[in-house]
Colleague: 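First the structure, which I've put down as structure tokens, then a few questions once you've had a look.
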Amino acid sequence: MIELEEARQQILDRITPIGSETVPLAEATGRIISQGVPTRDPIPPFDNTAMDGFVVRAEDTRQASSDHPITLPVVSTIEAGTPATTPLERGQAMRIYTGAVIPSGGDAIIPFEHCLRHDPDSVVIGSRVTAGTHIRRLGEDVAAGASVLEAGARITPAAVGLLASIGADSVPVFRRPRVAVHSSGNELVAIDAPLKPGQIRNSNLFSLCARIERWGAIAIARPILRDDREAIRTGLQETLDLAPDAIVTTGGISAGDLDHIREIAREMGDDVQIRKVAMKPGKPLVDGLIGGVPFFGLPGNPGACLVSFEVFVRPALAIMEGRTDGLLPERSGVLKTERSLPAGDRLRLLRGRATPDPTGGPDVIEIPSGQGSHLLTGFARANCLVVIPPTAQNLQPGERVLYWSLADEEA
Ligand code: AMP
Ligand code: MG
């Protein structure tokens, strides 16, 4: 048996970024930027007012106080989008609206509501202002020639706004990995087929494709591989012809006579490891490269298959796409319910549900019954994997536990 972390390290050592592409800005949300985008224009492109009011020269207000207000003539009005055609002379004010260019000579804004009085032709000011008040500076957000965002940053809606503000109508992003998914087994049928005796529906294909798409990668659903050496070989070869960035299979990797995937992977691939990982669920694992493409042979049991995906495939996809959120975030919480478990020699990853404590205490963790690797009902409600050391046996309410959150991939 190999420890989870050691197996993962060996797997991730083989993974490299898959490169970048350019996409229209409107399609870039959620993608990972592959290099910072330079701007020619500073943002904001000019000094402008943050408030509706009057633009003045600060020094003209030096003597203003509530006892001795000053009155300045209002010589013109400046609207956003239409700069003033004359400079602001000493002793003058101009009416100005948010976003309008500060006229030359002007250096402070007095909002309407801070004036003692104003009418179309004059403004009465009862306190001094300092230069720069309510002025948004040229280049305050982005200096001319600077780059916005850094390689590896996720393009959030605000980042889209930033990119739009510098006129980036297309953006360099890491490619989304294309992940081919095969289920395997003679017992599997399509989910819309009636079940004959001994058959089950091919649910793993759907859960894995859902997981891959939710992660932000592209799932390519492939045909079921039947438990036949030649069929598996042909199926994997046809998938390689599609030039995927990764291949994931489920089932066929245990020690049974019909578990051919592991041998075929070894025959077709390089550095293919047939592992027993010290984790439960998810002990069997096959990984390596087939035709240079990272290959992940996950267990067939539906719960195990998803747990193994989270632990091994997700971080690999993250590296391919330049992402830093590959490892499930580790948190801690307290158990709500008692639970007795047999001691063993594998790390237990129990499907649990963590909820924030409304009184600000540690998160409260429920562990539903039905933790078998073949069960999905509890998993369907879960938002975390509760990490229980191999030898822990009787878990008590209130006990501190670590958990890996399934809830916060950023995609
Ligand atoms: P295997 O590793 O192929 O022996 O499969 C382990 C268990 O998982 C068996 O009970 C299979 O029937 C079940 N199983 C395998 N593949 C799938 C699948 N695609 N969907 C649902 N269950 C599966
Ligand atoms: Mg099977």
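Treat the numbers as computed from the prediction; the structure is a model and nothing was measured. Counting starts at 1 for both ligands and their atoms, in listed order.
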Colleague: What protein heavy atom sits nearest atom 22 (N) of ligand 1, and how far off is it?
Modeller: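 Heavy-atom neighbour on the protein nearest atom 22 (N) of ligand 1: I200 CD1, 3.3 Å.
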Colleague: State whether E3 and R8 are salt-bridged, where the test is any N-O pair (Lys NZ or Arg NE/NH1/NH2 against Asp/Glu carboxylate O) under 4.0 Å.
Modeller: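 Not counted as a salt bridge, because no side-chain N and carboxylate O are separated by less than 4.0 Å.
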Colleague: Indicate, with yes or no, if the rings of F112 and F54 have centres closer together than 6.0 Å.
Modeller: yes
Colleague: Could you tell me the residue and atom name of the protein heavy atom closest to atom 19 (N) of ligand 1, and the distance to it rounded to 0.1 Å?
Modeller: N202 OD1, 2.9 Å
Colleague: Under 4.0 Å, heavy-atom basis, I'd like to know which part of E187 is in contact with ligand 1: side chain, backbone, both or neither.
Modeller: side chain
Colleague: Specify the protein heavy atom at minimum distance from atom 4 (O) of ligand 1: its residue, its atom name, and the distance to 0.1 Å.
Modeller: D259 OD1, 3.9 Å
Colleague: Do the side chains of R136 and D47 get close enough for a salt bridge, i.e. N-O under 4.0 angstrom?
Modeller: no
Colleague: Using a strict cut-off of less than 4.0 Å between a Lys/Arg side-chain nitrogen and an Asp/Glu carboxylate oxygen, indicate whether R175 and D245 qualify as a salt bridge.
Modeller: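 Yes, this pair counts.
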Colleague: Could you tell me whether L188 approaches ligand 1 through its side chain, its backbone, both or neither, with non-hydrogen atoms closer than 4.0 Å?
Modeller: side chain
Colleague: Give me the residue, atom name and distance of the protein heavy atom closest to atom 6 (C) of ligand 1.
Modeller: N301 N, 3.8 Å
Colleague: For atom 17 (C) of ligand 1, grab the closest protein heavy atom and report residue, atom and distance to one decimal in Å.
Modeller: N204 ND2, 3.3 Å
Colleague: Salt bridge (Lys or Arg N to Asp or Glu O under 4.0 Å), that's the test. Do E21 and R31 meet it? Break it down for me.
Modeller: CA-CA 11 Å; E21 62 186 347; R31 302 292 297 271; 2.7 Å; yes
Colleague: Take D363 and V334 through the test side-chain contact (heavy atoms from CB on, under 4.5 Å) and record every step on the way to the result.
Modeller: CA-CA 6 Å; D363 289 352; V334 292; over 6 Å; no
Colleague: So which protein heavy atom does atom 14 (N) of ligand 1 come closest to, and at what separation?
Modeller: G300 O, 3.2 Å
Colleague: Where's the contact between S184 and ligand 1, heavy-atom distance under 4.0 Å: side chain, backbone, both or neither?
Modeller: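 It is the backbone that gets close, since no side chain atom is under 4.0 Å.
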Colleague: Using a 4.0 Å heavy-atom threshold (strictly under), name the region of S203 that reaches ligand 1: side chain, backbone, both or neither.
Modeller: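 Within the 4.0 Å criterion, S203 contacts ligand 1 through backbone and side-chain atoms alike.
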Colleague: Could you list the atoms of ligand 1 found under 4.0 angstrom from a heavy atom of S183?
Modeller: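 Ligand 1 atoms under the 4.0 Å threshold to S183: 19 (N).
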Colleague: How close does the nearest protein non-hydrogen atom get to atom 1 (P) of ligand 1, and which residue and atom is it?
Modeller: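 Closest protein heavy atom to atom 1 (P) of ligand 1: G252 N, 3.7 Å.
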Colleague: Check each of R14, Q273, Q10 against D287 using the side-chain hydrogen bond (donor to acceptor under 3.5 Å, both in side chains) test, and report the only one that passes.
Modeller: R14
Colleague: Determine whether the side chain, the backbone, both or neither of I224 has a heavy atom under 4.0 Å from any heavy atom of ligand 1.
Modeller: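 Neither; no heavy atom under 4.0 Å.
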Colleague: Mark yes or no for whether D52, through its side chain, and Y97, through its backbone, hold a donor-acceptor pair below 3.5 Å.
Modeller: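 No: the side chain of D52 does not pair with the backbone of Y97.
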Colleague: I'd like to know if the side chain of N301 reaches the main chain of G303, judged simply by a donor and an acceptor atom lying under 3.5 Å from each other, with no hydrogens or angles considered.
Modeller: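 Not confirmed, N301 side chain does not pair with G303 backbone.
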Colleague: Using the rule given for side-chain contact (heavy atoms from CB on, under 4.5 Å), can you reason through L350 versus L341, listing the C-alpha separation, both sets of side-chain angles and the distance that settles it, and then say yes or no?
Modeller: CA-CA 11 Å; L350 304 180; L341 301 166; 4.0 Å; yes
Colleague: Does the residue G256 have a heavy-atom contact with ligand 1, meaning some pair of atoms that are separated by less than 4.0 Å?
Modeller: no
Colleague: Relative to the heavy atoms of R201, which atoms of ligand 1 are at a distance of less than 4.0 Å?
Modeller: 20 (N), 21 (C)
